[in-house]
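Treat the numbers as computed from the prediction; the structure is a model and nothing was measured.
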Amino acid sequence: MSYTTLSLTLIFVLIPLVLSKSLKLDLEKDTIIATVRSIIQLLIVGYILKIVFETESIIYILLMITLMIVAATLNARKKGKAIKGITWKIALTLIVVEVVTQGILIGLHIIPATAQYIIPISGMLIGNSMVLSILFLNRFTAEVESSRDQIELVLSLGGTPKQAIHTQLTNAIKASMIPTIESQKTIGLVQLPGMMSGQIIGGADPVQAVQFQILIIFGLLTTAALSSIIVGFLSYPTLFNERMQIIKNV
């Protein structure tokens, strides 16, 4: 693909800009910023990955994964500002997800321990974990706010914070996991995932591409479960003070 051909894809950016302006959605600025940032970031990452893939240095691989985790953490924490220590909670969740998934993949020799496999797969799993953390935090904070009276009632009757917030916590975990589960029900029928499509476009054997995609979607299931559950169980205790009262500014 030439740069001239690539520039024609800006039509896909122009369409939402026109629609946003016409419907007064006020999303033009965010759309332009997102477009410019994505171009710059992807170009930079492209050159970085070229160096990492050529050197095969474990230090470069770890630095790349660390960069992914830091960027994902900083983005996801915006949705949980009311939760004390949300930054380290999300960071720890992403680290656990990465260690567990890559430990299984590399430990069982499912994939080779090379940058060409570790970094792309880590990017997909960490990115999915970030999105799930955001979905959980959005739903959890909304559930807590709308059920404050119910939570306080359980506490007043002698219930523990865990008992008082159990329903809201499980509802938020379920809600954040549903998109992953539902998307996998129609994968291959309604949507052809990016990794599989990219390999096929690149000339890979379709069956081999499907095998790698199955690897990813199974990994995403673990990511969905671990992300929402770890963030949830790390977050809910900080919503209560030492007297087992729910904090007012949640």
Side-chain angles (χ1 to χ4, degrees), residues 1-50 64 67-81 90 94 119-142 172 174-204 206 209-210 212-217 219-221 223-224 227-228:
M1 181 183 292
S2 66
Y3 284 107
T4 301
T5 305
L6 182 61
S7 66
L8 295 176
T9 60
L10 288 174
I11 294 172
F12 295 121
V13 178
L14 182 62
I15 292 173
L17 283 175
V18 172
L19 292 174
S20 176
K21 186 69 174 178
S22 301
L23 299 175
K24 298 181 179 179
L25 301 177
D26 196 28
L27 292 174
E28 298 91 327
K29 182 179 178 181
D30 286 338
T31 301
I32 293 173
I33 291 175
T35 301
V36 173
R37 282 187 58 176
S38 63
I39 294 172
I40 295 174
Q41 288 168 186
L42 286 173
L43 286 174
I44 293 173
V45 168
Y47 286 108
I48 292 175
L49 288 179
K50 184 178 181 180
M64 194 69 196
L67 176 61
M68 293 176 185
I69 291 175
V70 170
T73 300
L74 294 177
N75 187 54
R77 71 173 183 173
K78 299 174 185 177
K79 301 299 180 180
K81 292 180 179 179
I90 294 174
L94 297 177
I119 292 178
I121 292 175
S122 293
M124 285 182 275
L125 297 179
I126 292 172
N128 190 66
S129 183
M130 176 193 71
V131 172
L132 287 163
S133 297
I134 292 172
L135 290 175
F136 170 81
L137 291 170
N138 272 336
R139 180 61 179 267
F140 186 50
T141 52
K174 288 178 183 177
S176 62
M177 291 181 64
I178 284 174
T180 300
I181 296 172
E182 291 300 321
S183 67
Q184 292 192 13
K185 289 180 180 179
T186 58
I187 197 166
L189 298 175
V190 176
Q191 56 177 326
L192 294 177
M195 183 178 184
M196 186 179 81
S197 301
Q199 285 186 309
I200 293 174
I201 291 173
V210 167
F212 274 103
Q213 190 59 56
I214 291 173
L215 176 157
I216 295 299
I217 63 174
L220 292 179
L221 275 177
T223 298
S227 300
S228 52

Which heavy atom of [X] sits nearest a heavy atom of [Y], and at what distance?
X      : Y      : answer
Ala172 : Phe136 : CB-CE1, 3.5 Å
Ala224 : Ser228 : O-OG, 2.9 Å
Leu137 : Ala76  : CD1-O, 3.8 Å
Ile69  : Thr73  : O-OG1, 2.7 Å

For residues 36-46, which side-chain N or O atoms pair as donor and acceptor with protein atoms under 3.5 Å away, sequence neighbours left out?
residue	atom	partner	partner atom	Å
Arg37	NE	Gln41	OE1	3.1
Arg37	NH2	Gln41	OE1	3.2
Ser38	OG	Ala34	O	3.1
Ser38	OG	Thr35	O	2.7

Distance (rounded to the nearest 0.5 Å) between [X] [atom1] and [Y] [atom2]:
X      : Y      : atom1 : atom2 : answer
Lys21  : Asp26  : NZ    : CG    : 8.5 Å
Lys79  : Ile90  : NZ    : CD1   : 11.5 Å
Lys81  : Thr141 : NZ    : OG1   : 12.5 Å
Met177 : Thr223 : CE    : OG1   : 10.5 Å

Please report, to 0.1 Å, the donor-acceptor pairs under 3.5 Å made by any side chain of residues 10-20, with sequence neighbours excluded.
residue	atom	partner	partner atom	Å
Ser20	OG	Leu27	N	3.0
Ser20	OG	Glu28	OE1	3.4

| task | Could you name each residue pair satisfying salt bridge (Lys or Arg N to Asp or Glu O under 4.0 Å) that touches residues 121-141, not counting sequence neighbours? | result | Arg139-Glu143

| task | Taking salt bridge (charged side-chain N to carboxylate O under 4.0 Å, His left out) as the test, write out the residues that go with Arg77, two or more places apart. | result |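 Arg77 satisfies salt bridge (charged side-chain N to carboxylate O under 4.0 Å, His left out) with no residue once adjacent residues are dropped.
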
Distance-only check: which donor-acceptor pairs under 3.5 Å involve side-chain atoms of residues 120-135, not counting sequence neighbours?
residue	atom	partner	partner atom	Å
Ser122	OG	Glu98	OE1	3.3
Ser122	OG	Glu98	OE2	2.6
Ser122	OG	Gln102	NE2	2.9
Ser122	OG	Ile118	O	2.7
Ser129	OG	Ser227	OG	2.6
Ser133	OG	Ser129	O	2.8

